[in-house]
Amino acid sequence: MHWIILIGDENFNMSNIKSIKHYGCVECYDVTSIEGRYCVNFGEDHIFYDYDEAIDDYNEDELNKIPYSKPHFVTMTYTSKSCVRNVLQQDNFPTDIYIDNDCGLILPIEKFVQQGMPLDIDDMLKGKR
């Protein structure tokens, strides 16, 4: 599984995620065995969302890329790059967030989409060729 981190202001939380209609999904549900986890099931593919009010793994340079004084984080763990790319481009997906691809790139979602949604280091290297 792979992940990216969605970063929003102090009002960003799981309610924002749960309000999204995930086009093409089979079902959405809270995972009872893992507190705070929400699953979007697309059949063979899944996206799991995990809320974290604060993540301590950010250094000062990374925090400077985030414009929120009290950022909230949702880890988006996925099984399919194409599935997560489709979700990020939905017309009802939050637009006032930043994406951290966990490979050194932290961008507003619109710039992340414009750059081809590099979800991992391989995608980032392809963009440099």
Side-chain angles (χ1 to χ4, degrees):
M1 291 221 219
H2 307 277
W3 63 86
I4 59 175
I5 300 171
L6 312 177
I7 306 167
D9 65 13
E10 63 273 4
N11 297 311
F12 185 61
N13 56 46
M14 290 303 280
S15 294
N16 303 99
I17 299 302
K18 290 178 180 183
S19 70
I20 300 167
K21 176 169 175 34
H22 290 79
Y23 305 133
C25 78
V26 176
E27 64 178 329
C28 299
Y29 57 91
D30 290 310
V31 177
T32 55
S33 60
I34 301 174
E35 186 176 340
R37 176 169 278 189
Y38 184 68
C39 178
V40 181
N41 177 355
F42 291 92
E44 289 189 24
D45 297 315
H46 295 78
I47 294 176
F48 298 99
Y49 294 97
D50 294 285
Y51 176 72
D52 195 345
E53 191 171 306
I55 294 180
D56 297 332
D57 294 345
Y58 286 96
N59 64 39
E60 189 173 336
D61 289 337
E62 293 168 325
L63 288 173
N64 287 333
K65 296 177 184 179
I66 301 170
Y68 309 116
S69 60
K70 296 177 184 170
H72 287 200
F73 305 88
V74 173
T75 303
M76 186 178 190
T77 306
Y78 57 92
T79 58
S80 163
K81 285 183 183 182
S82 62
C83 185
V84 78
R85 285 182 172 128
N86 288 338
V87 169
L88 291 176
Q89 293 182 86
Q90 289 185 177
D91 58 356
N92 63 346
F93 203 80
T95 57
D96 56 345
I97 62 169
Y98 277 60
I99 304 286
D100 175 355
N101 73 348
D102 204 36
C103 296
L105 190 65
I106 300 173
L107 293 172
I109 188 170
E110 64 273 1
K111 289 189 181 192
F112 186 77
V113 170
Q114 288 171 356
Q115 289 197 9
M117 294 183 275
L119 297 172
D120 56 30
I121 196 70
D122 291 335
D123 290 342
M124 290 175 68
L125 293 173
K126 287 177 194 173
K128 292 183 179 182
R129 292 182 192 161

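The basis for the numbers below is simple: all heavy atoms, side chains too, and nothing from hydrogens, waters or symmetry mates.
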Rounded to the nearest 0.5 Å, what's the gap from [atom1] on [X] to [atom2] on [Y]? Could you check?
X: Ile99; Y: Ile109; atom1: CD1; atom2: CD1; value: 4.5 Å
X: Gln115; Y: Leu105; atom1: CD; atom2: CG; value: 5.5 Å
X: Ile17; Y: Met76; atom1: CD1; atom2: CE; value: 7.0 Å
X: Leu88; Y: Phe112; atom1: CG; atom2: CZ; value: 6.5 Å

* If a pair satisfies salt bridge (Lys or Arg N to Asp or Glu O under 4.0 Å) and one of its residues is in residues 95-108, list it, with sequence neighbours excluded. => none
* Asked: Restricting to pairs with a member in residues 32-41, which pass salt bridge (Lys or Arg N to Asp or Glu O under 4.0 Å), not counting sequence neighbours?
  -> Arg37-Asp50
Would you say [Y] ends up clustered with [X] if hydrophobic residues are merged whenever their side chains have heavy atoms under 4.5 Å apart, either directly or through other cluster members?
X: Trp3; Y: Val74; value: no
X: Ile106; Y: Ile97; value: no
X: Tyr78; Y: Phe73; value: no
X: Ile7; Y: Leu107; value: no
X: Met14; Y: Tyr98; value: no

* Results of salt bridge (Lys or Arg N to Asp or Glu O under 4.0 Å) for Lys65 - residues two or more places apart only -> none
* For Asp30, salt bridge (Lys or Arg N to Asp or Glu O under 4.0 Å) partners two or more places apart -> Lys18
* Asked: Which residues satisfy the side chain to side chain donor-acceptor pair (under 3.5 Å) test with Gln90, sequence neighbours excluded?
  -> Asn92
* To do: Using the test ring-ring contact (aromatic ring centres under 6.0 Å, His included), find all partners of Phe93 that sit at least two apart in sequence or belong to another chain.
  => none
* Partners passing ring-ring contact (aromatic ring centres under 6.0 Å, His included) against Tyr51 (at least two apart in sequence or in another chain) -> His72
Partner set under side chain to side chain contact (heavy atoms under 4.5 Å, CB included) for [X], not counting sequence neighbours:
X: Asp45; answer: Phe42, Thr79, Ser80, Cys83
X: Glu110; answer: Pro108
X: Leu63; answer: Tyr58, Ile66
X: Asn11; answer: Asp9

Distance-only donor-acceptor pairs under 3.5 Å for side chains of residues 20-29, two or more places apart:
from: His22; atom 1: ND1; to: Ile20; atom 2: O; distance (Å): 3.3
from: His22; atom 1: NE2; to: Tyr49; atom 2: OH; distance (Å): 2.8
from: Tyr23; atom 1: OH; to: Asp91; atom 2: OD1; distance (Å): 2.7
from: Glu27; atom 1: OE2; to: Asn41; atom 2: ND2; distance (Å): 3.4

* Show the numbers, then the answer: is there a side chain to side chain contact (heavy atoms under 4.5 Å, CB included) between Leu6 and Phe12? => CA-CA 9 Å; Leu6 312 177; Phe12 185 61; 3.9 Å; yes
